[in-house]
Amino acid sequence: MSNLNKNMYRIDLEMFEGPLDLMLFLIKKDEINIYDIPIAKITKDFLQYVELAKEMKLSKAGDFVLMAATLMKIKVRMLLPVEESDNENIEDPRTDLVNMLLEYKRFKEISQELEEKEKLQGQHYYRIPLESGNVDITASESLEDVQMYDLMVTFRYLLQNYEEPLSHNVYLEKVSIADQMIFLKQKLMLSKTVKFSELIPLLQSRLVLVITFLAILDLVKGNQIKIKQSQLFDELLVMKGEKFEF
Amino acid sequence: MNFDELKQVVEALLIATPEPLSESRFLQCIDTEIDVSLENIIEALSQDYQKSGRAFEIIQVAGGYQLVTKEDYQIYIKRMFAKSSRLRLSQAALETLSIIAYRQPVTRNDIDAIRGVNSDSPLRTLLERKLIQIRGRDEGQGRALLYRTTVEFLQYFGLNTIKEMPKLREIEELIDNDELSFV
Amino acid sequence: MNFDELKQVVEALLIATPEPLSESRFLQCIDTEIDVSLENIIEALSQDYQKSGRAFEIIQVAGGYQLVTKEDYQIYIKRMFAKSSRLRLSQAALETLSIIAYRQPVTRNDIDAIRGVNSDSPLRTLLERKLIQIRGRDEGQGRALLYRTTVEFLQYFGLNTIKEMPKLREIEELIDNDELSFV
């Protein structure tokens with residue numbers, strides 16, 4: 001592509017959501033009748049953007065290439081002679097493309113209206129109540145709404161940190177400081193801060209509690225975790241330290 | 001319970017609820033027969049707030065009522081949330097959301113086909129923000145996961161029901177009067 | 001800003017934040033010099049609320065002020081949370097539920113092994129909420145009890161059968177698409 005052309009097309013390709021978006025832009029720019037798209041010309045224009053996309057190593061480049069191929073296929077089919085007798089039944093090779101463009105445009109319009117609504121509604125702030133207000137709702141519960149996505153993500157996290165045992169049915173009762181250090185780090189991978197009080201019910205015995213506490217002290221010493229308390233006797237908060245490693 | 005007491009109960013519920021208060025949930029909470037509707041009580045409360053110059057108001061959203069701050073104070077509240085300010089949705093996320101809102105339940109393939117690009121990343125954003133949810137599987141072959149909008153979606157855009165979505169224009173309308181000027 | 005305006009700003013901030021509003025955070029929000037203290041404004045607001053019989057009040061907590069419902073309405077609010085259509089779970093319960101959903105039927109030992117901690121307490125919660133059930137025993141030695149999800153679980157997540165759960169492969173597709181494409 002010549003430098004002149006490059007300047008002509010120095011439009012940030014990232015601003016197009018995809019090939020359909022770019023096509024709509026080209027159609028609008030040249031005031032093209034969407035039912036009679038000059039395929040040869042638009043293919044040429046489109047390809048210049050695709051070249052640019054490749055140069056810019058855009059992640060969407062593949063989708064643009066695919067559309068370019070479709071355009072070229074249509075171009076070829078438009079060149080093929082149509083047999084007189086079939087004339088009425090033959091579909092314009094551009095029909096599918098036109099329908100796709102119109103369908104996409106409908107939703108693009110809606111997304112613009114949604115954006116307006118988002119702006120308007122964003123002026124109001126919803127009342128965000130305390131976790132449970134001053135009402136005594138079972139304290140350990142009520143964190144966040146749980147949806148399928150949360151189940152999926154949580155399970156995946158757990159599996160990443162877990163090695164399937166080679167042989168089954170071996171359960172060591174022993175818990176070491178090292179084990180509990182891993183346990184604490186796992187917790188911190190899942191949420192930014194962990195309340196110490198929330199850990200207690202998870203621990204099997206007083207011995208494990210003591211070992212866990214030693215693990216915390218060890219991690220604090222190594223700067224792997226930090227502990228915060230807003231005031232005396234307040235909740236102990238555990239969070240990642242500067243040298244946190246997992 | 002007299003009307004004033006009912007008003008106070010509704011107010012307390014509005015202050016305490018993170019989700020819209022619907023008539024049915026309200027009736028479950030008071031657990032007794034009353035001869036006024038929630039709508040009447042909300043109206044009376046709204047008037048109280050207006051008269052006494054409160055900084056908040058009640059809006060009707062997602063099939064219920066919710067307490068929100070008036071828009072006059074957004075500048076101060078924004079400063080309070082300065083660091084964790086709400087991120088607006090990207091164009092890709094808005095497009096994906098529009099398609100889900102109209103075509104739900106819908107598969108990822110259908111969304112990709114309409115947008116002409118892969119929609120994994122906007123889908124993930126929308127799932128994380130709980131504006132959409134995964135709901136069962138498609139009947140067809142492939143049995144793909146199905147996506148739907150959530151109650152949070154309605155709340156986020158201030159819609160009372162999904163029917164309040166802007167109208168999807170007919171294809172003919174798109175052609176007839178359009179800024180695209182298809183000459 | 002005059003005193004009444006300040007009162008409204010404070011009220012809006014109290015409505016919008018679940019965290020205590022401290023004097024310093026308040027000053028950041030208004031971003032201008034004033035000659036009254038937050039304490040004075042809070043006092044005036046509290047009196048307003050008391051006079052007009054509001055169902056909420058302002059309390060002083062660690063480091064600031066918070067808007068909460070009055071105790072008189074606890075009973076209604078409790079009912080409201082009990083009837084909530086949304087599922088709220090602690091991290092521990094969510095972890096445990098995800099393991100049971102994907103690995104069922106599964107023993108407590110297997111759950112503990114994956115989570116790295118004892119899961120008695122979240123198991124109890126999930127049983128109470130009827131999201132899981134105990135059905136049958138493990139074939140192996142020890143004949144441990146087996147946990148499974150319930151019909152209520154399927155209903156909540158909009159599944160017809162447990163086979164409709166998203167597969168691990170589908171999760172990865174959605175979450176790591178960008179990273180995977182490098183491989």
Side-chain angles (χ1 to χ4, degrees), chain A residues 59 62 124-159 161-162 164-165 168-169 171 175 179-180 182-184 186-187 190-191 194 198-205 208 212 230-231 234-235, chain C residues 12 15-19 59 62-63 66-71 73-75 77-78 81-82 86-95 97-99 101-103 109-110 112-122 125 129 140-142 156-159 165-166 168 170-172 174-175 178 181:
Chain A
S59 57
H124 300 282
Y125 285 81
Y126 284 99
R127 162 78 179 151
I128 307 169
L130 310 177
E131 284 263 292
S132 51
N134 53 354
V135 177
D136 176 34
I137 292 167
T138 44
S140 64
E141 293 316 313
S142 89
L143 259 179
E144 260 201 272
D145 296 348
V146 172
Q147 286 177 356
M148 180 56 76
Y149 185 64
D150 305 296
L151 278 187
M152 295 162 68
V153 172
T154 305
F155 184 62
R156 184 171 159 279
Y157 262 118
L158 289 170
L159 279 196
N161 301 325
Y162 169 71
E164 300 274 352
H168 232 53
N169 293 339
Y171 299 112
V175 176
D179 287 342
Q180 291 313 86
I182 291 169
F183 159 58
L184 285 164
Q186 274 174 346
K187 284 271 146 204
L190 290 169
S191 62
V194 176
E198 282 174 358
L199 295 175
I200 295 170
L202 306 176
L203 307 171
Q204 280 152 304
S205 63
V208 181
T212 309
S230 27
Q231 60 183 44
D234 213 336
E235 184 77 64
Chain C
I15 286 283
T17 177
E19 279 149 43
I59 57 165
Q66 264 172 336
L67 200 89
V68 295
T69 52
K70 285 193 185 163
E71 272 181 44
Y73 308 99
Q74 278 218 28
I75 172 168
I77 296 169
K78 263 190 190 168
F81 278 102
R86 299 187 191 180
L87 180 62
R88 289 159 196 282
L89 293 175
S90 66
Q91 185 63 38
L94 174 60
E95 285 179 25
L97 185 60
S98 77
I99 295 167
Y102 277 101
R103 284 286 164 90
N109 271 336
D110 289 337
D112 288 356
I114 295 177
R115 290 192 58 227
V117 280
N118 177 292
S119 304
D120 280 351
S121 156
T125 309
R129 301 267 187 107
Q141 63 173 158
Y156 182 81
F157 290 103
L159 304 169
M165 282 285 290
L168 264 186
E170 289 167 318
I171 304 173
E172 317 256 273
L174 208 56
I175 298 176
D178 313 335
S181 58

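Everything quoted here is computed from the prediction, not taken from an experiment. So that the names make sense, note that chain A is the first sequence line, chain B the second, and so on, each numbered from 1.
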Could you state the interatomic distance from [atom1] ([X]) to [atom2] ([Y]), rounded to the nearest 0.5 Å?
{"X": "C/R103", "Y": "A/L159", "atom1": "CZ", "atom2": "CG", "value": "5.5 Å"}
{"X": "A/T154", "Y": "C/L94", "atom1": "OG1", "atom2": "CG", "value": "3.5 Å"}
{"X": "A/R156", "Y": "C/L174", "atom1": "CZ", "atom2": "CG", "value": "10.0 Å"}

How close do [X] and [Y] get, counting heavy atoms only, and between which atoms?
{"X": "C/Y102", "Y": "A/L151", "answer": "CE1-O, 4.3 Å"}
{"X": "C/T17", "Y": "A/R127", "answer": "O-NH1, 4.3 Å"}
{"X": "A/Q186", "Y": "C/R115", "answer": "OE1-O, 3.6 Å"}

Heavy-atom contact with chain A under 4.5 Å, split by part of C/I75:
neither
Check each atom of A/Y149 against the heavy atoms of chain C and say whether the ones under 4.5 Å are side chain, backbone, both or neither.
side chain
Under a 3.5 Å distance rule, please check whether C/Y156 uses its side chain to pair with a backbone N or O of A/V146 as donor and acceptor.
yes
Would you mind reporting whether C/E172 and A/M152 have side-chain heavy atoms less than 4.5 Å apart?
no
Is there a side-chain contact between C/L168 and A/F155, using heavy atoms and a 4.5 Å cut-off?
yes
Could you go through the side-chain contact (heavy atoms from CB on, under 4.5 Å) check for C/L159 and A/M148 one step at a time?
CA-CA 10 Å; C/L159 304 169; A/M148 180 56 76; 3.8 Å; yes
